[in-house]
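Residue numbers start from 1 in every chain, and the chains themselves are labelled A, B, ... in the order their sequence lines are given, proteins ahead of strands.
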2 protein chains.
Amino acid sequence: MSLDGLPHHRGGAEALARLLARALLAGRWQPGDAFPRELDLCTHFAVSRNQVRNALASLTATGLIERTAGRGSRVREVSEWHLLDPLISDWMTGIESLDPKLVREIFAFRYSAEPVLARLAAQAAEEADLERLEAAFHGMTRTAASPEARNQHVEYDVAFHDAIYRASHNLVWRQMGHLLRPSIIALIQGSQAQVHRFHDGLDDSLTRHGRVLEAIRRHAPDAAERAAREVLRRTAIDLGIVTDTHPVIASATEPES
Amino acid sequence: MSLDGLPHHRGGAEALARLLARALLAGRWQPGDAFPRELDLCTHFAVSRNQVRNALASLTATGLIERTAGRGSRVREVSEWHLLDPLISDWMTGIESLDPKLVREIFAFRYSAEPVLARLAAQAAEEADLERLEAAFHGMTRTAASPEARNQHVEYDVAFHDAIYRASHNLVWRQMGHLLRPSIIALIQGSQAQVHRFHDGLDDSLTRHGRVLEAIRRHAPDAAERAAREVLRRTAIDLGIVTDTHPVIASATEPES
DNA sequence: GCCTATTAAATGTCTGACATTTTGGCAAGC
DNA sequence: GCTTGCCAAAATGTCAGACATTTAATAGGC
């Protein structure tokens, strides 16, 4: 596989790794293909072998490629990629068209996890957490009216969810929030792409977010859990995953013995 | 901070990284402390600067340390560690003295997440999942009697939890299960280190696991959620995080308005 | 035809020198 | 006395070249 078409780059090994990684994520090479040799990369990008080796080390660390002495470098199967690795999350930022199947998977995770997370936040939130939440919510209400401030609105929305992850005061949950951040951005952008949200849906979304904030401020775990589930239900509607009348996500009904 | 007490090592940069990482995870240095310089590491371990640099590159990639030209290397805050990185998961395997603070954090996550996970598993489990669960549970009961089969018992216990993660049939949860696997091993080993477990605690643990399996087989989400919480309560007791009479983990009681 | 020794190619490793960044000290000047 | 500027020391970052090791292919001998 040649290197034709790849742009030149500025900066050190990190920039080179990012460039190559995005080419891989975009499908420039297929799994199993041979990856260019070190020396070819050196000449093509006009960098030292050290830079190339550092960049390739990042690619192997994230499971994108596999290197063996004497044989060369090969692209690994997609299932082997460490999709939750912070490096990959970073490289993914700015990629718009996510796989719909992936969207459903990630949303299903959030739908099961974030209500519990909101419960934790209601139990553990401190003053600084409440301030972050309120700042984000205030920003959301401010930018809700004007459709031209859509990007800002998304940012505040993401900040709101991130603040909940942080308010849990648990290391692992915070990591999850960090790792899922790009996916959450994609989900929110996808949900806002629906036109009908800008007529009546946005107000509804705002009130549901507000109820979460209020429950966390009151330190009411049960209420926070319910409110968070309502927020995600709204998102599901906007994403087209469920309709108001026909929920696809399994409900709480249960066939006890 | 000196290097006294650290064992020598065999093998390449990976082994050195593992050694240093385990020392970090065990709390040998505090966040903010200065990490030994490259040349000191070279002389102490009698390896080339290349090996040291490769090892330190892994430590920075996982967020354990932070390096700046001219200033040296410093230990980062625990909240900055990429606890879900496969490398860290790998380094955690077989570690005996995990930082107690870290144990609490990971356990707190599992205590909040796995009940919901069990609920998902009860909804989505298929035949293959049930077979995995039953095989693991059967192995646990078989190896429970003889204390010399402790390692096998741990393996079956881990397999049981892993099977639950898989049964959720969600991509993100499965990745979580894979990443948390070493931590779960460490937690289980830690819980079994308590002597009293081998008198009456082990039977109790077995019955609680059995209730989870039964609920999942009946596709009863609520029961599965309750049963999973009971399993973790047992683990908490064995870990010494809570006592039977004085739970430290926040309960479900709630001061609604 | 099969096994083996050789060779070529690619990644891995070592070494020494040099570059860059940070920090602290020291001294001149206001 | 305080600031400013410069220089030197220390630590990490980078480079270039040679060499080692692994892998795969290939030619040769039986």
Check your understanding: Nearest-Å distance, CD (B/E14) to C1' (C/dT13)?
Key -> 14 Å
Check your understanding: A/N50 has an atom CG; how far is it from atom C1' of C/dG12, in whole Å?
Key -> 13 Å
Point to revise | Donor-acceptor under 3.5 Å (A/E80 side chain, A/G63 main chain) | key: no
Review point. What is the minimum heavy-atom distance between B/A13 and B/A55, and which atoms define it?
Key: O-CB, 3.7 Å
Check your understanding: Any side-chain N or O of A/R37 less than 4.0 Å from the OP1 or OP2 oxygen of C/dA10?
Key -> yes
Practice item. Check the angle between the aromatic planes of A/H161 and A/H209 and answer parallel, tilted or perpendicular using the 30° and 60° thresholds. Key: perpendicular
Check your understanding: Does OP1 or OP2 of D/dG13 have a side-chain N or O of B/R53 closer than 4.0 Å?
Key -> yes
**Study point:** Proximity to the side chain of A/N54 - top-ranked nucleotide from C/dT11, C/dT15, D/dT14
**Key:** D/dT14
Check your understanding: How long is the line joining CZ of A/R74 and C1' of C/dA9, in whole Å?
Key -> 15 Å
**Study point:** B/S73 vs D/dT12: side-chain N/O to OP1/OP2 distance below 4.0 Å
**Key:** yes
Review point. At under 4.0 Å, does any side-chain N or O of B/R67 touch on OP1 or OP2 of D/dG13?
Key: yes
Review point. From C/dT13, D/dG13, C/dT22, pick the nucleotide closest to the side chain of B/R71?
Key: C/dT22
**Study point:** Donor-acceptor pair under 3.5 Å, A/R49 side chain vs D/dG17 base
**Key:** no
Check your understanding: Starting at CG of B/L41 and ending at C1' of D/dT12, how long is that distance when rounded to a whole Å?
Key -> 13 Å
Exercise for review: Would you mind reading off the distance between A/L39 atom CG and C/dA9 atom C1', rounded to a whole angstrom?
Suggested key: 10 Å
Check your understanding: Taking all atoms of both residues into account, what is the closest heavy-atom pair of A/A118 and A/A228, and its distance?
Key -> CB-CB, 3.6 Å
Practice item. Using whole Å, report how far CD of B/E38 lies from C1' of C/dC14. Key: 15 Å
Exercise for review: Examine distances only and state if a side-chain atom of B/T60 and a backbone atom of B/L56 form a donor-acceptor pair shorter than 3.5 Å.
Suggested key: yes
Review point. What is the distance, rounded to the nearest whole Å, between atom CD of B/E66 and atom P of D/dA11?
Key: 17 Å
